Amino acid sequence: MKFISWNVNGIRACSGKGFPEIFTRLDADFFCLQETKMQEGQLDLSFDGYQSFWNSAEKKGYSGTAIFTRHTPVNVYRSPLLPEASGELLTDAEGRVITLEMEDFFLVTVYTPNSQDGLRRLDYRMQWDDAFRKYIQALDMRKPVIVCGDMNVAHQEIDIKNPKSNHHNPGFTDEEREKFTRLIEGGFTDTFRYLHPNEKDVYSWWSYRFRARENNAGWRIDYFLCSDRMREHIQSAAIHTDILGSDHCPVELVI
């Protein structure tokens with residue numbers, strides 16, 4: 001079973017840069033999108049054999065997530081997110097999470113809030129990280145979980161080209177990295193790093209500035225995590241650095 005996750009940085013713009021062809025070529029069972037920046041129905045985007053589920057931000061042209069799936073879910077959760085499982089989870093007015101409950105697992109796609117310039121949203125981000133961790137841990141008590149998306153943090157120095165100069169910048173603060181460590185230690189596996197523990201210079205996001213992609217001055221901030229008990233089912237994990245169309249590239253998991 002093949003999963004793809006991609007922050008498309010605006011699906012309408014990405015569609016004009018080859019998204020339909022890329023979607024078809026990658027041939028995934030589940031194709032998860034972040035930062036769709038649209039309301040459902042603003043773009044005629046459908047693929048034979050797939051259902052799609054959208055969670056759009058209340059603010060138009062902002063944030064948003066979607067999942068295309070070949071497999072019919074048992075349940076779909078958007079906002080509010082499973083109150084009985086999430087406890088104090090923050091209200092998802094920004095369309096940041098979709099959960100598909102399948103027969104044997106949960107699939108969660110997430111677009112984690114950015115701490116923003118000057119770390120002006122770091123406090124909110126800390127609340128979000130705690131609440132999201134509790135949410136997926138609650139799901140994990142029911143059945144295994146696969147989490148994917150732009151999680152807006154480079155976990156270790158190996159996950160970023162210039163760790164020293166980016167220390168304390170949004171996405172590479174000690175606080176954000178520690179929250180991600182707590183998430184991993186709470187029962188989840190970073191699938192790419194599990195299979196490629198020492199692989200360097202493989203990133204999923206590059207700034208549009210300073211010719212960052214050309215120079216591969218990137219960050220690995222897009223992930224597939226899975227419940228630890230699913231490790232034995234991981235067949236491959238890849239990052240499609242050759243695929244353009246966004247400032248992020250797609251990431252892949254095969255289970």
Side-chain angles (χ1 to χ4, degrees), residues 1-57 60-71 95-98 100 107 109-112 114 146-152 154 159 161 171 191-192 196 199 201-224 235-255:
M1 190 171 287
K2 185 176 182 179
F3 301 78
I4 293 288
S5 176
W6 193 8
N7 179 322
V8 291
N9 194 8
I11 186 60
R12 288 172 289 179
C14 192
S15 289
K17 300 175 183 177
F19 176 80
E21 294 77 14
I22 294 167
F23 183 99
T24 300
R25 173 158 56 92
L26 289 175
D27 192 30
D29 292 277
F30 298 88
F31 203 118
C32 303
L33 306 179
Q34 304 87 45
E35 206 170 0
T36 55
K37 294 184 177 179
M38 62 166 277
Q39 311 302 116
E40 186 174 3
Q42 282 188 303
L43 179 69
D44 183 11
L45 188 65
S46 61
F47 298 94
D48 290 343
Y50 288 86
Q51 303 173 65
S52 64
F53 302 94
W54 299 75
N55 189 10
S56 300
K60 292 185 177 180
Y62 179 75
S63 189
T65 48
I67 301 178
F68 290 81
T69 172
R70 283 177 168 149
H71 307 277
R96 292 186 176 274
V97 182
I98 301 175
L100 300 189
L107 172 64
T109 195
V110 59
Y111 177 37
T112 302
N114 190 295
I146 297 170
V147 181
C148 69
D150 175 0
M151 303 189 77
N152 258 316
D159 299 314
K161 183 69 171 181
T191 60
F192 180 82
H196 310 279
E199 190 163 349
D201 301 321
V202 181
Y203 309 116
S204 65
W205 175 79
W206 303 260
S207 171
Y208 280 132
R209 298 180 295 172
F210 312 122
R211 299 165 65 187
R213 192 156 190 171
E214 181 180 341
N215 296 319
N216 198 29
W219 303 45
R220 189 176 75 93
I221 60 175
D222 301 88
Y223 296 87
F224 270 101
Q235 293 187 3
S236 65
I239 300 178
H240 293 282
T241 57
D242 59 319
I243 293 180
L244 306 178
S246 169
D247 51 349
H248 296 250
C249 72
V251 296
E252 176 184 312
L253 173 67
V254 177
I255 291 287

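Computed from a prediction, not measured in an experiment: that's the story for all the values here.
- Looking only at distances, no side-chain donor or acceptor of S56 sits under 3.5 Å from a matching main-chain atom of G64.
- Across all non-hydrogen atoms, the minimal contact from W206 to H248 is CZ3-C, 4.4 Å.
- Residues Y223 and T112 have side chains not in contact (no heavy-atom distance under 4.5 Å, counting atoms from C-beta outward).
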Next on the checklist: Quick one, D201 with Y203, criterion side-chain hydrogen bond (donor to acceptor under 3.5 Å, both in side chains). Give me CA distance, side-chain angles, the key distance, then yes/no.
Outcome noted: CA-CA 6 Å; D201 301 321; Y203 309 116; 3.3 Å; yes
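- Between F30 and I146 the shortest side-chain heavy-atom distance does not fall below 4.5 Å.
- Side-chain contact check for I221 versus S204: some heavy-atom pair is nearer than 4.5 Å.
- For the atom pair OG of S63 and CD of E35, the computed distance is 7.0 Å after rounding to the nearest 0.5 Å.
- If you take CD1 on I98 and OG on S52, they are separated by 9.0 Å, rounding to the nearest 0.5 Å.
- Contact check for N215 versus F210: no side-chain heavy atoms found under the 4.5 Å cut-off.
- By the side chain to side chain contact (heavy atoms under 4.5 Å, CB included) test, D29 is found to be paired with M1, K2, R70, H71, residues two or more places apart in sequence or in another chain being considered.
- The aromatic rings of W219 and W205 sit perpendicular to each other, their planes meeting at more than 60°, with 30° as the lower class boundary.
- Of the possible donor and acceptor atoms, one in the side chain of S246 sits under 3.5 Å from a partner among the backbone N and O of N7.
- Here the straight-line distance linking atom NZ of K37 with atom OH of Y62 works out to 10.0 Å at 0.5 Å rounding.
- The shortest side-chain heavy-atom distance between Q34 and V110 does not fall under the 4.5 Å cut-off.
- Contact annotation: the side chain of F3 never approaches that of C148 to less than 4.5 Å [non-hydrogen atoms, C-beta and beyond].
- Counting only heavy atoms from C-beta outward, the side chains of I22 and C14 never approach each other to under 4.5 Å.
- With values rounded to the nearest 0.5 angstrom, I11 atom CD1 is found 4.0 Å from F19 atom CZ.
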Side chains of residues 235-245: which donor-acceptor partners sit under 3.5 Å, not counting sequence neighbours?
{"unit_1": "H240", "atom_1": "NE2", "unit_2": "E252", "atom_2": "OE1", "d": "2.7"}

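- Evaluation of the ring-ring contact (aromatic ring centres under 6.0 Å, His included) rule for F192 yields H196 as partners, not counting sequence neighbours.
- Contact between Y111 and D150 at its shortest, heavy atoms only, is CE1-OD2, 3.3 Å.
- Residues Y50 and F23 place their aromatic rings such that the two centres sit under 6.0 Å apart.
- Sorted by first then second residue, the salt bridge (Lys or Arg N to Asp or Glu O under 4.0 Å) pairs that include residues 203-220, not counting sequence neighbours, are D159-R220, D190-R220, R211-E214.
- Taking the side chain to side chain donor-acceptor pair (under 3.5 Å) definition, one finds that T65 meets it with nothing, sequence neighbours left out.
- No side-chain heavy atom of L26 sits less than 4.5 Å from a side-chain heavy atom of W6.
- Every residue was checked against the side chain to side chain donor-acceptor pair (under 3.5 Å) condition with E21, not counting sequence neighbours, and none meets it.
- In this structure, I4 CD1 and I67 CD1 are separated by 13.5 Å, a value rounded to the nearest 0.5 Å.
- Scanning all heavy atoms of the two residues, the minimum distance from T109 to L33 falls at OG1-O, 4.3 Å.
- One distance of note links CH2 of W54 with CG of L45; it measures 5.5 Å at 0.5 Å rounding.
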